[in-house]
**Q** 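Could you have a look at this structure, given as structure tokens, before my questions?
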Amino acid sequence: CLWVRNLRYKRKLPGPFAWPVVGNAMQLGQMPHITFSKMAKKYGNIYQIRLGCNDIVVLNGRTAIRQALIEHATEFAGRPNFVSFQAVSGGNSMTFTNYSKQWKMHRRIAQSTIRAFSSANSQTKKAFEQHIVGEALDLVQVFLRLSADGRYFNPSHQLTVAAANVICALCFGKRYGHDDLEFRTLLTRVNKFGETVGAGSLVDVMPWLQSFPNPVRRIYQNFKELNAEFFAFVKDKVIQHRETYNPEVTRDMSDAIISVIEHGKDNGLSKDFVEGTVTDLIGAGQDTVSTLLQWILLLLVKYPHIQAKLQEQIDKVVGRDRLPTLEDKKSLAYLDAFVYETMRFTSFVPVTIPHSTTTEVTIDGVRIPKDTVVFINQWSVNHDPENWKDPHVFNPSRFLDENGVLDKDLTSSVMIFSIGKRRCIGDQIAKVEVFCFLPSCSTSASLRASPPRK
Ligand code: HEM
């Protein structure tokens, strides 16, 4: 019987004592990934916590995570049926949907669209690169304007607009000016997305919190509103695309997705999935990249000697008379190392989007029932002293060998895009974006010739 099965399962998984009603919710704190890592020291890398009425399995460390997401890839590829997930992308999100045949088709379409517009051939690669470099040049102009006469400013808005513009250009063939107030306001609101979705989101594990006034309900209301607003913005653009659709000319990703979902052979996805897909891509593509760019700026300021070393390498390889291209990447190993170290050190997506088990599964001799929520602690992989010397020290050189060559085995050990069937589908474009932004900004600050684009 279910009760006996659950009892047996509970006995097998270690974990902290769970209080009635709230479980361990009050123990997670502001940084659940740190709490999870501390708990791993006590209970091992696979343990169980309880949040509200959900038993949740927490996976820490490379071995346990690989065992689950690679060796049992399908069994761990689900998403929980959380209430907040239904508010995303008009209810037709690929990211926040459970594993199914339909999800597989949806993901394949999103993935091949990204590839077609970023890396399919040398022409698309070049066009994509040009978008990014154009954005970087604009950004420098805005930074120069805002810092004129030695003034201080907070660059986070500008970085958010720049990252959003790159993905909007791909999706809609359109970018927005840095002074476009409506766009900026929308992005500021969308940046609050992470407050609700993610490990420890209380409304998901205690849905009854929605039924009376309290701060969690307010955050959730806000979350629903910002999702509705963002979805309406995207839907409006998709409708315009639908109305002007020409099968002979694929202008951008929206056209490509319309073409496959609405005009391709039957794939089981209704036309509402077009809006869902585009919203997913823009949502996932701007917040993450802009956060990475913000961390990069912060670390450049904090470690001026590293900044100087980077500038020196860029000056040597690219010089100050031209803009850098992706071709330069192979000669800029320290820059690559710097980006990987930023991702490792900050682990700014410390816990992946929650997973769930699609069927009963046994790992490490521990039986986990179907539909169990699973948290994956990427931070623990990137800060494991077994794998990284002085993990709490920021040191890009750890990724270079004695000849200054990038150690690919080590870079692939950084876990920030997750692994397995739910692995991020934008990892390549994110890396290209960041790689092009950085040296373009540094070089163009000295070129300064180009006037801002409209
Ligand atoms: C999923 C990280 C940029 C599209 C994810 C996940 C992580 C992640 C951790 C969750 C994986 C899981 O649940 O196991 C990042 C980071 C980025 C980045 C660190 C930038 C540095 C992008 C970009 C795009 C994108 C630029 C697209 C334009 C997606 C999508 C998913 C996803 C669609 C959902 C995949 C699924 O559920 O099957 N990303 N991402 N991401 N990402 Fe990214």
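We count ligands from 1, going down the list as the structure has it; atoms in each ligand are counted the same way. All values below were derived from every heavy atom in this structure, side-chain atoms included, with hydrogens, water molecules and symmetry-related copies excluded.
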**Q** Give me the one residue out of Asp255, Asp252, Asp236 that meets side chain to side chain donor-acceptor pair (under 3.5 Å) with His241.
**A**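 Filter result, single survivor: Asp252.
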**Q** Any idea which part of Gln378 is under 4.0 Å from ligand 1, heavy-atom wise: side chain, backbone, both or neither?
**A**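 Within the 4.0 Å criterion, Gln378 contacts ligand 1 through side-chain atoms alone.
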**Q** Examine the side chains of Asp371 and Ser356 and answer whether a donor and an acceptor come within less than 3.5 Å of each other.
**A**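 The criterion, which ignores hydrogens and geometry beyond distance, is not satisfied for Ser356 and Asp371.
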**Q** Answer with yes or no whether the side chains of Arg251 and Thr244 bring together a donor and an acceptor at under 3.5 Å.
**A**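 Result is yes, a qualifying pair exists.
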**Q** Any atoms of ligand 1 less than 4.0 Å from a non-hydrogen atom of Val349? List them with their elements.
**A**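 Here the atoms of ligand 1 in question are 9 (C), 19 (C).
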**Q** Note the single closest protein heavy atom to atom 30 (C) of ligand 1, along with its residue, its atom name and the distance in Å.
**A**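 The closest heavy atom on the protein side is Ile425 CG1, 3.8 Å.
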**Q** Check this for me: does any side-chain nitrogen of one of Asp180 and Arg184 sit under 4.0 Å from a carboxylate oxygen of the other?
**A**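 No, Asp180 and Arg184 are not salt-bridged.
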**Q** Whether Lys237 engages the ring of Phe233 as a cation-pi pair (distance to the six-membered ring centre under 6.0 angstrom, angle to the ring normal within 45°) should be assessed.
**A**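 Verdict for Phe233: a cation-pi partner in Lys237.
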**Q** Which ligand 1 atoms does Ala430 reach within 4.0 Å, using its non-hydrogen atoms?
**A**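 What qualifies from ligand 1 is 20 (C), 21 (C).
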**Q** Among protein heavy atoms, which sits nearest to atom 43 (Fe) of ligand 1, and what does the distance come to when rounded to 0.1 Å?
**A**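 Going atom by atom, the protein heavy atom closest to atom 43 (Fe) of ligand 1 ends up being Cys424 SG, 2.3 Å.
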**Q** Would Asn121 and Thr124 count as having a side-chain donor-acceptor pair, cut-off 3.5 Å?
**A**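 Asn121 vs Thr124: donor-acceptor pair found between side chains.
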**Q** At the 4.0 Å heavy-atom cut-off, does Met94 count as touching ligand 1?
**A**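 Met94: in contact with ligand 1 (<4.0 Å).
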**Q** Go through the side-chain N and O atoms of Asp138 and Gln141 and say whether any donor and acceptor fall under 3.5 Å apart.
**A**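 Note: Asp138 and Gln141 side chains miss the donor-acceptor criterion.
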**Q** With heavy-atom distances below 4.0 Å as the criterion, list the atoms of ligand 1 near Ser418.
**A**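 Close to Ser418: 11 (C), 12 (C), 14 (O).
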**Q** How far is atom 18 (C) of ligand 1 from the closest protein heavy atom, and which atom is that?
**A**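 Heavy-atom neighbour on the protein nearest atom 18 (C) of ligand 1: Thr288 OG1, 3.5 Å.
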**Q** Taking a cutoff of less than 4.0 Å between a non-hydrogen atom of the residue and any ligand atom, is Trp103 in contact with ligand 1?
**A**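 Judged by the 4.0 Å heavy-atom criterion, Trp103 does count as contacting ligand 1.
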**Q** Could you tell me whether Arg79 and ligand 1 have an N or O pair separated by under 3.5 Å?
**A**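 In this structure, Arg79 places an N or O atom under 3.5 Å from an N or O of ligand 1.
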**Q** Going by the atom numbers of ligand 1, which of them fall below 4.0 Å from some non-hydrogen atom of Ile167?
**A**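 What qualifies from ligand 1 is 28 (C).
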**Q** Specify side chain, backbone, both or neither for Thr291, according to which of its non-hydrogen atoms lie closer than 4.0 Å to ligand 1.
**A**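 No part of Thr291 comes within reach of ligand 1.
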**Q** Taking the six-membered ring of Trp103, is the NZ or CZ of Arg422 close enough (under 6.0 Å from the centre) and on axis enough (within 45°)?
**A**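 Checked: cation-pi criterion met.
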**Q** Suppose I only count heavy atoms of Arg107 and a 4.0 Å limit; which atoms of ligand 1 are within that range?
**A**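 The list of qualifying atoms is 35 (C), 36 (C), 38 (O).
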**Q** Report yes or no: do Asn267 and Gln102 form a side-chain donor-acceptor pair below 3.5 Å?
**A**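 No, no side-chain donor-acceptor contact under 3.5 Å.
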**Q** Show me which atoms of ligand 1 lie under 4.0 Å from any heavy atom of His355.
**A**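 So the answer, numbered in order with elements, is 12 (C), 13 (O), 14 (O).
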**Q** Taking the six-membered ring where the residue is Trp, are the ring centres of Phe117 and Phe128 under 6.0 Å apart?
**A**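 Aromatic pair excluded; centres sit 6.0 Å or further apart.
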**Q** Which residue holds the protein heavy atom closest to atom 26 (C) of ligand 1, what is that atom called, and what is the gap in Å?
**A**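 Nearest protein contact, heavy atoms only, for atom 26 (C) of ligand 1 is Gly285 CA, 3.5 Å.
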**Q** Give the contacting part of Ile429 toward ligand 1: side chain, backbone, both or neither, where contact means a heavy-atom distance below 4.0 Å.
**A**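 Just the side chain.
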**Q** So that I know where these two stand, are Phe143 and Phe153 an aromatic pair - ring centroids less than 6.0 Å apart?
**A**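 Under 6.0 Å, so yes.
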**Q** Would you mind checking which non-hydrogen protein atom is closest to atom 15 (C) of ligand 1, with the distance to 0.1 Å?
**A**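 Protein heavy atom at minimum distance: Phe417 CD2, 3.7 Å.
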**Q** Please test Ser37 against Asn377 for side-chain hydrogen bond (donor to acceptor under 3.5 Å, both in side chains), starting from the C-alpha separation and ending with a verdict.
**A** CA-CA 8 Å; Ser37 293; Asn377 185 2; 3.2 Å; yes
**Q** Which heavy atom of the protein is the closest neighbour of atom 24 (C) of ligand 1, given with residue, atom name and distance?
**A**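 Of the protein heavy atoms, Gly426 CA, 3.5 Å lies nearest.
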**Q** Considering only non-hydrogen protein atoms, determine which one is nearest to atom 9 (C) of ligand 1 and report residue, atom name and distance to 0.1 Å.
**A**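 Answer for atom 9 (C) of ligand 1: Ile416 O, 3.4 Å.
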**Q** Under a 3.5 Å cutoff, is there a donor and acceptor pairing between the side chains of His106 and Thr97?
**A**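 Per modelled atom types, His106 and Thr97 side chains form no pair under 3.5 Å.
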**Q** Just to be sure I read this right, does ligand 1 sit under 4.0 Å from the backbone of Phe348, its side chain, both, or neither, counting only heavy atoms?
**A**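 It is the side chain that touches ligand 1; the backbone stays farther off.
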**Q** What is the closest protein heavy atom to atom 29 (C) of ligand 1, and at what distance does it sit?
**A**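 For atom 29 (C) of ligand 1, the nearest protein heavy atom is Ala284 CB, 3.7 Å.
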